[in-house]
Amino acid sequence: MKLQIKIDEESGKIVDACFKTFGCGSAIASSSVATEWVKGKSMDEVLTIKNTEIAKHLSLPPVKLHCSMLAEDAIKAAVKDVELKRAKLKGNSSADAANAPIEKAADA
């Protein structure tokens, strides 16, 4: 699963999210729910989204819970990647790098 988020630097909110998932319908549905739930939230807020909430929302059977776990892992990976990119930009003194929009794809 690959989750991509775009963050508004002024508000700190996630303004867009998209995914690429290869797998069963449950995996695709979990990815879709994750992208919808992260939009409009801060990075701290999205870290509180748990796979159990996704599974309950989609009424996933126990055998498909791993699909919701992938979605939660993808959210965490995307936030981590944004934080790493921000840290790297702070260390770079280039004005062009400092003004670059933060958009990151993360694999889970």
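Treat the numbers as computed from the prediction; the structure is a model and nothing was measured. Worth knowing before you read on, the calculation uses all heavy atoms, side chains too, and leaves out hydrogens, waters and symmetry mates.
- Using a 4.5 Å cut-off between side-chain heavy atoms of Ile, Leu, Val, Met, Phe, Trp and Tyr, with links allowed through other members, I54 and L65 fall into different hydrophobic clusters.
- Annotation: the span from L60 atom CG to T52 atom OG1 amounts to 11.0 Å, rounded to 0.5 Å.
- Closest non-hydrogen pair, G40 versus K13, comes out as O-CD, 3.4 Å.
- In this structure, NE2 in H57 is found 11.5 Å from CD1 in I49, a value given to the nearest 0.5 Å.
- Shown here for I28 and G23, the closest heavy-atom pair between the two residues is CD1-O, 3.8 Å.
- Evaluation of the side chain to side chain contact (heavy atoms under 4.5 Å, CB included) rule for A29 yields L58 as partners, not counting sequence neighbours.
- Counting all heavy atoms, side chain and backbone alike, I75 lies closest to A34 at CD1-CB, 3.9 Å.
- Proximity of K39 to V15: side-chain heavy atoms (C-beta onward) are nowhere separated by under 4.5 Å.
- Of all non-hydrogen atoms in I5 and A17, the two that sit nearest each other are CG2-CB, 4.1 Å.
- Between I7 and M43, the closest side-chain pair of non-hydrogen atoms falls below 4.5 Å.
- Using a 4.5 Å heavy-atom cutoff, the side chains of L47 and K76 are in contact.
- A donor-acceptor pair is defined here as one N or O able to donate and one able to accept, closer than 3.5 Å; such a pair exists between the side chain of S30 and the backbone of S26.
- Rounded to the nearest 0.5 Å, atoms CD (Q4) and CG (D81) are 11.0 Å apart.
- Pairing each heavy atom of E53 with each of W37, the nearest pair is O-CH2, 3.6 Å.
- Under the 4.0 Å criterion applied to side-chain N and carboxylate O atoms, K88 and E83 are not assigned as salt-bridge partners.
- The two residues T21 and S31 make their nearest non-hydrogen contact at OG1-OG, 2.7 Å.
- In this structure, E72 and K50 have side chains that are in contact, with non-hydrogen atoms separated by less than 4.5 Å.
- Residues R86 and E9 meet the side-chain proximity criterion, which asks for heavy atoms closer than 4.5 Å.
- A distance of 8.0 Å separates CE in M1 from CZ in F19, rounded to the nearest 0.5 Å.
- Between the side chain of E45 and the main chain of S42, a donor-acceptor pair closer than 3.5 Å is present.
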